[in-house]
Structures are given as structure tokens and as C-alpha cells.
Amino acid sequence: MLAACNVFGKRAGEKAAERARSEGSREFNESALEPVMNRINQFGNGSGEGSWFDVRKSLKATAGNSLIAVRSANLLEQMRDNCSTLRYEQLLDVAIDNRQDLLRVLETDNLVFTADLMALTALHRTESRGSHYREDHPERSDENWDKSIFWKLGADGEPQPTAGKYRQDPEGSIQVAPV
């Protein structure tokens with residue numbers, strides 16, 4: 001899984017840089033900072049008894065049981081429940097005394113969000129395909145799932161799925177060269 005994260009992380013970074021270059025410079029919109037500041041300001045106001053390290057440890061243990069090669073709706077739902085507790089309860093109780101603490105909390109929040117999105121995506125795809133195997137949906141379903149799923153944050157701040165053409169379609173897509 002680590003190798004896949006590195007490969008796709010590199011590809012995502014390259015595409016983001018390419019898009020940023022093609023967009024050119026834009027005028028700074030100060031109101032765009034509001035959601036960022038709201039996110040930062042939610043931390044450091046709790047009891048101070050939490051630990052970002054303990055949150056990461058719990059996330060690692062749960063992901064090791066839920067986001068493995070063989071998945072099921074039950075384990076994926078447990079993963080999502082744990083992510084919610086970690087993100088909206090435990091992480092908010094971590095003390096922030098300096099910039100390094102804030103950085104660790106924001107990084108941990110990103111990890112929990114990513115794990116939750118992985119579980120949500122696996123729940124959304126009700127079939128087995130490639131390295132995504134669902135015990136409760138063992139068959140491949142090209143009719144319903146021969147597509148890629150893309151996620152964007154909706155107006156309510158929750159991820160919303162959209163589907164697009166499966167990029168590795170041998171009939172019409174160009175294979176991406178390995179990195």
C-alpha cells in the first residue's frame with residue numbers, strides 16, 4: 001500500500017503543479033482564507049489531555065483491520081466511526097502549545113480525513129475489482145462500476161462522489177507510463 005501511495009501521490013502532485021502552471025496567477029481573495037482559519041482555530045480549545053500520537057496509533061490499528069486487501073461493509077463502517085471519533089473528539093482535545101504541535105495536529109487531521117475517505121470510497125464501490133476486494137460483494141460489476149470515482153467537498157463540507165470514465169479502459173484510454 002505504501003508503494004501505491006508514493007506512486008499516486010507523486011502523480012497527483014505532478015498533475016496539481018501542471019494545473020497550477022496552466023491557470024496562471026490570480027488575484028488574492030482574502031475571503032478564501034476563512035475556511036482555512038476556521039479549520040486551524042478549531043484545534044487547541046479542548047481539555048488538552050489528548051495526544052496526536054495516540055490518535056495516529058489508533059488510526060493505524062483500525063486501518064490495519066479495515067483497509068486491508070479483504071474488506072467488508074461492517075469493517076469499513078467501523079473504520080468510519082473510528083475516524084469520526086478521532087477527528088471530532090480526540091483530536092480536538094490535543095493541547096497546542098506551539099507551531100510544531102499545530103503542524104502535527106493538522107497532519108494527523110489530514111491522515112484521519114484520508115483514511116475516512118478511503119473507507120467511504122470502498123463502501124461506495126459495491127463490487128470487487130483489482131486490489132479492492134469486498135467479501136460482501138465478491139463479483140466484479142462492469143455494468144455498474146466500470147468507472148473511476150472522484151470526490152469533491154460539497155457545500156456541507158462532506159465528500160460527494162462523481163463518476164468518470166475508467167481511465168484504464170483498454171478500448172479508448174491511453175495507459176499512463178509508470179513513474
Side-chain angles (χ1 to χ4, degrees), residues 1-60 62-63 66-67 76-77 79-125 132 147-168 173-174 176 179:
M1 187 179 289
L2 179 60
C5 290
N6 289 334
V7 168
F8 291 110
K10 181 179 187 297
R11 286 181 182 174
E14 288 171 345
K15 287 292 184 186
E18 181 182 310
R19 181 170 181 195
R21 282 191 294 274
S22 72
E23 293 285 324
S25 62
R26 293 184 179 182
E27 189 172 315
F28 179 70
N29 178 357
E30 195 166 322
S31 66
L33 287 178
E34 188 174 337
V36 175
M37 293 308 298
N38 289 341
R39 178 178 178 226
I40 290 171
N41 290 331
Q42 75 179 336
F43 299 110
N45 301 315
S47 68
E49 296 175 6
S51 158
W52 60 265
F53 182 77
D54 289 342
V55 170
R56 288 185 184 195
K57 227 166 58 173
S58 177
L59 179 65
K60 183 177 180 181
T62 309
S66 305
L67 297 177
L76 293 167
E77 288 290 353
M79 179 71 194
R80 295 213 64 218
D81 289 345
N82 188 49
C83 286
S84 181
T85 300
L86 293 175
R87 193 164 194 219
Y88 299 113
E89 293 175 26
Q90 293 182 20
L91 202 52
L92 295 180
D93 277 339
V94 175
I96 296 179
D97 298 321
N98 54 50
R99 289 182 185 163
Q100 189 67 27
D101 291 344
L102 178 60
L103 178 64
R104 293 288 185 239
V105 167
L106 290 171
E107 288 172 341
T108 304
D109 185 49
N110 288 341
L111 288 170
V112 175
F113 177 76
T114 301
D116 187 40
L117 191 56
M118 289 173 69
L120 178 62
T121 302
L123 276 167
H124 185 75
R125 186 177 283 277
H132 170 75
K147 53 189 152 200
S148 294
I149 308 302
F150 302 94
W151 296 86
K152 287 186 174 185
L153 287 181
D156 60 355
E158 291 298 314
Q160 303 296 319
T162 58
K165 185 171 176 63
Y166 191 59
R167 74 175 184 85
Q168 294 179 346
S173 296
I174 298 171
V176 176
V179 287

- Query: Would you say Phe113 has more than 12 foreign heavy atoms packed within less than 6.0 Å of its CZ?
  - Reply: yes
- Task: For side-chain contact (heavy atoms from CB on, under 4.5 Å), just list the numbers for Asp54 and Gln90, CA-CA rounded to whole Å, side-chain angles, deciding distance to a tenth of an Å, and then say yes or no.
- Result: CA-CA 9 Å; Asp54 289 342; Gln90 293 182 20; 5.7 Å; no
Tell me which donor-acceptor pairs under 3.5 Å the side chains of residues 152-161 have, and how far apart each pair is, sequence neighbours excluded?
unit_1, atom_1, unit_2, atom_2, d
Asp156, OD1, Glu158, N, 3.0
Gln160, NE2, Glu158, O, 3.4

- Task: Give the minimum heavy-atom separation between Ala119 and Arg80, together with the two atoms involved.
- Result: CB-CG, 3.7 Å
- Item | Side-chain donor/acceptor of Asp109 to backbone N/O of Val105, under 3.5 Å | no
- Item | By side chain to side chain contact (heavy atoms under 4.5 Å, CB included) - contacts of Leu106 (at least two apart) | Arg39, Ile40, Phe43, Leu102
- Under the side-chain contact (heavy atoms from CB on, under 4.5 Å) rule, what do Leu117 and Thr114 come out as? Steps first, then yes or no, please. CA-CA 5 Å; Leu117 191 56; Thr114 301; 5.6 Å; no
- Item | NZ/NE/NH1/NH2 to OD/OE distance under 4.0 Å, Arg11 and Glu14 | no
- Message: Apply side-chain contact (heavy atoms from CB on, under 4.5 Å) to residues Arg104 and Gln100 and explain how you reach the verdict.
- Response: CA-CA 6 Å; Arg104 293 288 185 239; Gln100 189 67 27; 3.1 Å; yes
- Message: Are more than 12 heavy atoms, taken from residues, nucleotides or ligands other than Glu34, located less than 6.0 Å from that residue's CD atom?
- Response: no
- Salt-bridged, Asp116 to Arg87, with N to O below 4.0 Å? no
- Task: Determine, step by step, whether Val55 and Thr108 satisfy the side-chain contact (heavy atoms from CB on, under 4.5 Å) criterion, reporting the C-alpha distance in whole Å, the side-chain angles of both residues, the deciding distance to 0.1 Å, and the verdict.
- Result: CA-CA 8 Å; Val55 170; Thr108 304; 3.6 Å; yes
- Message: Test of understanding: with side chain to side chain contact (heavy atoms under 4.5 Å, CB included), list the residues that count as partners of Leu111, not counting sequence neighbours.
- Response: Arg56, Leu59
- What pair of heavy atoms forms the shortest contact from Leu92 to Gln42, and how long is it? CD2-O, 3.6 Å
- Smallest heavy-atom separation, Leu76 atom then Ser66 atom, equals CD2-O, 3.7 Å
- Query: Taking all non-hydrogen atoms of both residues, which atom of Asn41 and which atom of Asn45 are closest, and how far apart?
  - Reply: O-ND2, 2.8 Å
